[in-house]
A.B. asks: 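Got a structure for you, written out below as structure tokens; questions coming shortly.
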Amino acid sequence: MRKNIVAGNWKMNNDLSQTETLLTSLKNQKQTSNAEVMVAPTFTNLWHAFEALRESNVEVVAQNMHFAENGAYTGEISASMLKSVGVQTVILGHSERRAYFNETDELLAKKVDAALANSMRVIFCFGEELADRKGDNHENVVASQIKNALFHLDAAAFKNIVLAYEPVWAIGTGETASPEQAQDMHAFIRKTLADKYGNDIAQSVSILYGGSVKPANAKEIFSKPDVDGGLIGGAALKAEDFYAIVNAF
Ligand code: PGA
């Protein structure tokens with residue numbers, strides 16, 4: 001059975017002392033759900049977070065990485081560097097990476113390969129823009145993002161892939177996809193996986209929803225059968241809100 005996962009993407013927020021404060025209040029929260037819990041601090045705070053959460057069941061994950069193993073790529077971080085500070089999972093393809101740093105499906109395919117070659121787990125993000133939704137093209141856009149970046153993988157690789165559907169128009173905007181819109185898209189994604197890899201694989205992949213998930217709407221979104229959790233931005237920066245979402249299952 002696939003896992004429920006709630007991952008907090010802290011983005012480019014929190015210096016070291018703010019990170020310490022947030023980590024301390026995370027450790028004071030009580031988990032009442034069975035969800036896997038992850039947080040993604042910035043690169044500079046990964047080791048600190050890993051040390052601070054060592055005894056907890058919160059996994060520390062990275063927000064991005066480069067596809068190369070090492071070399072002349074000023075400012076970049078490799079999979080083996082992440083692994084050396086205890087990170088086993090990386091978020092790839094976030095819409096902010098696609099929009100502001102020109103990350104394409106082709107580049108993301110290389111990053112996915114590098115992560116898997118290093119035995120890491122990938123939270124792969126994708127989602128349509130508002131114009132795609134309004135033009136009723138959202139399913140085509142999502143299908144092509146998944147196919148271009150992931151469908152070169154064999155079925156066995158999918159045990160290390162978590163999908164995160166994040167409609168761009170719902171990220172950081174306060175506007176959420178309705179639970180029905182999320183369910184419809186997640187069911188479409190699962191069918192796309194089933195058509196390529198068969199139903200067993202499709203049923204085993206966790207598909208998270210992201211985009212303005214808050215304590216007030218998490219329960220309804222997570223109650224949908226094909227929504228297996230959330231990738232949380234703004235609400236992950238407050239431990240109480242984040243755990244209200246973790247416990248919404
Ligand atoms: P948000 O961000 O929850 O602030 O909308 C979600 C995300 O970017 O993953």
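Numbers here simply count residues along the sequence, with the first being 1. Atoms within each ligand, like the ligands themselves, are counted from 1 in listed order.
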A.B. asks: Judging by distance only, is a nitrogen or oxygen of S212 under 3.5 angstrom from one on ligand 1?
C.D. replies: yes
A.B. asks: Identify, for atom 4 (O) of ligand 1, the protein heavy atom at the shortest distance, and state residue, atom and that distance.
C.D. replies: G234 N, 2.8 Å
A.B. asks: For atom 3 (O) of ligand 1, what's the nearest protein heavy-atom neighbour? Residue, atom name and distance, please.
C.D. replies: G233 N, 2.9 Å
A.B. asks: Heavy-atom distance to atom 2 (O) of ligand 1: which of K11, Q63, K214, E166 wins?
C.D. replies: K11
A.B. asks: Which atoms of ligand 1 are found less than 4.0 Å from any heavy atom of L231?
C.D. replies: 6 (C), 9 (O)
A.B. asks: Is it true that the side chains of N64 and K111 contain a donor and an acceptor less than 3.5 Å apart?
C.D. replies: yes
A.B. asks: Could you list the atoms of ligand 1 found under 4.0 angstrom from a heavy atom of H94?
C.D. replies: 7 (C), 8 (O), 9 (O)
A.B. asks: Between Q203 and R2, do the side chains contain an N or O donor and an N or O acceptor separated by less than 3.5 Å?
C.D. replies: yes
A.B. asks: Please list, chain by chain and in numerical order, all residues satisfying side chain to side chain contact (heavy atoms under 4.5 Å, CB included) with D113, sequence neighbours excluded.
C.D. replies: H152, L153
A.B. asks: Walk me through it: do S206 and D228 pass the test side chain to side chain donor-acceptor pair (under 3.5 Å)?
C.D. replies: CA-CA 6 Å; S206 298; D228 306 311; 4.8 Å; no
A.B. asks: Kindly assign one of parallel, tilted or perpendicular to the pair Y73 and H66, based on the angle between their ring planes and the thresholds 30° and 60°.
C.D. replies: tilted
A.B. asks: For atom CD of Q29, is the number of surrounding heavy atoms from other residues, nucleotides or ligands below 6.0 Å larger than 12?
C.D. replies: yes
A.B. asks: Is there a heavy atom of G210 sitting under 4.0 angstrom from any atom of ligand 1?
C.D. replies: no
A.B. asks: With a cut-off of 3.5 Å and sequence neighbours excluded, list every side-chain donor-acceptor pair involving residues 231-244.
C.D. replies:
none

A.B. asks: Could you list the atoms of ligand 1 found under 4.0 angstrom from a heavy atom of G211?
C.D. replies: 5 (O)
A.B. asks: Which bit of A170 is near ligand 1, meaning a heavy atom under 4.0 Å away: side chain, backbone, both or neither?
C.D. replies: backbone
